[in-house]
Structures are given as structure tokens and as C-alpha cells.
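Owing to the predicted nature of the structure, the values given are computational and were not obtained by experimental measurement. Computed from heavy atoms alone, side chains included, the values below leave out hydrogens, waters and symmetry copies.
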Amino acid sequence: MPRRAKPNDGFSPSPTDEQAATYDQLFPMLEAAHREMTELSKKKQDGIVNALKIRVLNRLLGELSKVIEKDPSHAFVDMLDEETLPQNSDAVLILSQWQAALKQYKDRHHGRDSSTHELRWFTLESPGEKYR
């Protein structure tokens, strides 16, 4: 029988329903951006990311930042620097860190409900117990 655990591990406050919805909406966009930047980096690793791409990526990262702002992993993710224009490989590294932080966040707050056996977010508005 799987071990039962409370979704909130004490280190990261439960998200709101709105934060969970934002995550579900924007995480696929982050994955797509990471794939695109990885492809650019393969072609020209030391190429400079243009200002438009940085603005678009930072807008996405800014919204995702609101989701994990109270999570410990938030301290380890950065925005792309619009002034120094990072290289493609630097952007890939930063987007990879965001993906890792967001996946950990979801692992803590999303899972199989112990009573309904359905996968769902465990939010402030809809707490519960999940199997781990």
C-alpha cells in the first residue's frame, strides 16, 4: 500500500487554485521555449539572444515567478538579463533551472488524491491527502 502523505511538506506553502491554473497554462510554454533555445544553442552556442526573445521569455518567467514566489526554489532561479544579452547556452541553463524548480513544485503540490484516486492539485482552497 502506498504511503500517505500530506501534500504540503512544510517547506512550500500550498498554491492557490489560480496559481495551479497559471502553472498548468504556462509550463508547456516554458517547455517549448526551452526546446527552441536548446536548438538555437546547438546551432550557435555562443550566439547572443536578441532583446525581443528576452522580453518574451522574461514575461513568461515573471508570471511563473508569481506561482513559486513563496517556494524555496524561487531563490535559485533568475530572469534573463536584458542589459547584457546572454548567450544562447546561458539562456538554456536559466530555462533548465526554471523547469527543474517548477517540476519540484508540482511534485510537492500535485498528485493522486487518497480519497478519490484522481490526479489533482492540492491547493489552499482544495486541500487533502495524497499518496506519495
Side-chain angles (χ1 to χ4, degrees):
M1 180 174 187
R3 190 179 106 217
R4 288 184 184 190
K6 291 186 178 179
N8 188 342
D9 59 11
F11 297 107
S12 178
S14 294
T16 63
D17 286 343
E18 182 180 353
Q19 287 171 313
T22 299
Y23 182 106
D24 289 339
Q25 178 185 16
L26 298 182
F27 188 76
M29 292 180 192
L30 175 64
E31 289 179 314
H34 181 261
R35 277 192 305 275
E36 290 296 319
M37 290 307 303
T38 299
E39 287 302 314
L40 282 174
S41 182
K42 286 178 184 176
K43 292 176 185 174
K44 192 162 186 175
Q45 191 173 20
D46 58 351
I48 302 297
V49 181
N50 69 44
L52 174 64
K53 284 185 183 87
I54 291 175
R55 278 194 305 277
V56 168
L57 291 170
N58 277 344
R59 190 172 73 220
L60 174 64
L61 298 178
E63 291 302 310
L64 288 167
S65 181
K66 294 174 189 175
V67 173
I68 64 168
E69 67 188 348
K70 294 180 183 174
D71 190 78
S73 64
H74 190 261
F76 298 96
V77 293
D78 295 303
M79 304 297 277
L80 294 163
D81 190 344
E82 292 183 49
E83 292 180 22
T84 62
L85 299 177
Q87 294 181 347
N88 291 332
S89 60
D90 297 331
V92 170
L93 174 65
I94 289 170
L95 295 176
S96 295
Q97 290 173 319
W98 274 95
Q99 278 187 312
L102 288 160
K103 285 178 182 177
Q104 288 176 349
Y105 184 79
K106 186 172 183 177
D107 286 346
R108 280 193 283 276
H109 302 293
H110 187 274
R112 191 160 306 277
D113 189 302
S114 63
S115 60
T116 64
H117 305 290
E118 293 180 4
L119 287 173
R120 70 174 185 90
W121 283 95
F122 293 88
T123 63
L124 289 174
E125 297 88 351
S126 183
E129 287 190 21
K130 72 176 184 174
Y131 288 116
R132 287 216 186 208

Does [Y] offer a backbone N or O that forms a donor-acceptor pair with the side chain of [X] under 3.5 Å?
| X | Y | value |
| --- | --- | --- |
| Trp98 | Asp78 | yes |
| Gln19 | Lys66 | yes |
| Arg112 | Arg120 | no |
| Ser114 | Glu129 | yes |

Distance from [X] atom [atom1] to [Y] atom [atom2], nearest 0.5 Å?
| X | Y | atom1 | atom2 | answer |
| --- | --- | --- | --- | --- |
| Asp113 | Phe122 | CG | CZ | 4.5 Å |
| Arg55 | Leu57 | CZ | CG | 11.0 Å |
| Ser65 | Leu60 | OG | CG | 11.0 Å |
| Ser126 | Asp17 | OG | CG | 6.5 Å |
| Phe76 | Ile68 | CZ | CD1 | 11.5 Å |
| Leu40 | Ile48 | CG | CD1 | 12.5 Å |

Quiz item: Salt bridge or not for Lys42 and Glu39, using N-O below 4.0 Å?
Solution: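 Yes.
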Self-check item: Residue among Lys70, His109, Arg108 satisfying side-chain contact (heavy atoms from CB on, under 4.5 Å) with Pro15
Solution: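 Exactly one pass, corresponding to His109.
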Quiz item: Testing Leu80, Asn50, Asp90, Ile54 for side-chain contact (heavy atoms from CB on, under 4.5 Å) with Leu85, which one passes?
Solution: Ile54
Quiz item: Heavy-atom count around Gln45 CD within 6.0 Å, excluding the residue itself: above 12?
Solution: no
Quiz item: How about Glu18: does its CD atom have over 12 heavy atoms from other parts shown lying under 6.0 Å from it?
Solution: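 No, because the 6.0 Å sphere around CD of Glu18 holds 12 heavy atoms or fewer from other groups.
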Quiz prompt | Chi angles and distances behind the side-chain contact (heavy atoms from CB on, under 4.5 Å) call for Val49, Met37 | solution = CA-CA 9 Å; Val49 181; Met37 290 307 303; 3.6 Å; yes
Starting from [Y], can I reach [X] by hopping between I/L/V/M/F/W/Y residues whose side chains sit under 4.5 Å apart?
| X | Y | value |
| --- | --- | --- |
| Val67 | Met29 | yes |
| Met79 | Leu93 | no |
| Val56 | Val77 | no |

Exercise. Mind listing the closest non-hydrogen atom pair of Pro86 and Asp81 along with its distance?
Key: CD-O, 3.3 Å
Practice problem: Just grab all the ring-ring contact (aromatic ring centres under 6.0 Å, His included) pairs involving residues 43-72, residues at least two apart or on different chains. | Solution: none
Quiz prompt | Summary of ring-ring contact (aromatic ring centres under 6.0 Å, His included) pairs that have at least one residue in residues 25-55, sequence neighbours excluded | solution =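 Every pair satisfying ring-ring contact (aromatic ring centres under 6.0 Å, His included) with a residue in residues 25-55: Tyr23-Phe27.
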Practice problem: Indicate whether the side chain of Asn88 and that of Ser41 have a donor and an acceptor atom separated by less than 3.5 Å. | Solution: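 No, because no side-chain N or O of Asn88 sits under 3.5 Å from a partner of the opposite role on Ser41.
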Exercise. Could you check Ser96 against Val92 for side-chain contact (heavy atoms from CB on, under 4.5 Å), going step by step and ending with a plain yes or no?
Key: CA-CA 6 Å; Ser96 295; Val92 170; 4.1 Å; yes
Exercise. Go through the structure and list residues passing side-chain hydrogen bond (donor to acceptor under 3.5 Å, both in side chains) with Lys103, not counting sequence neighbours.
Key: none
Quiz item: Less than 4.5 Å apart, any side-chain heavy atom of Leu61 and any of Leu95?
Solution: yes
Quiz item: Checking side-chain contact (heavy atoms from CB on, under 4.5 Å) for the pair Ser14/Leu124: CA distance, chi angles, key distance, verdict?
Solution: CA-CA 6 Å; Ser14 294; Leu124 289 174; 4.0 Å; yes
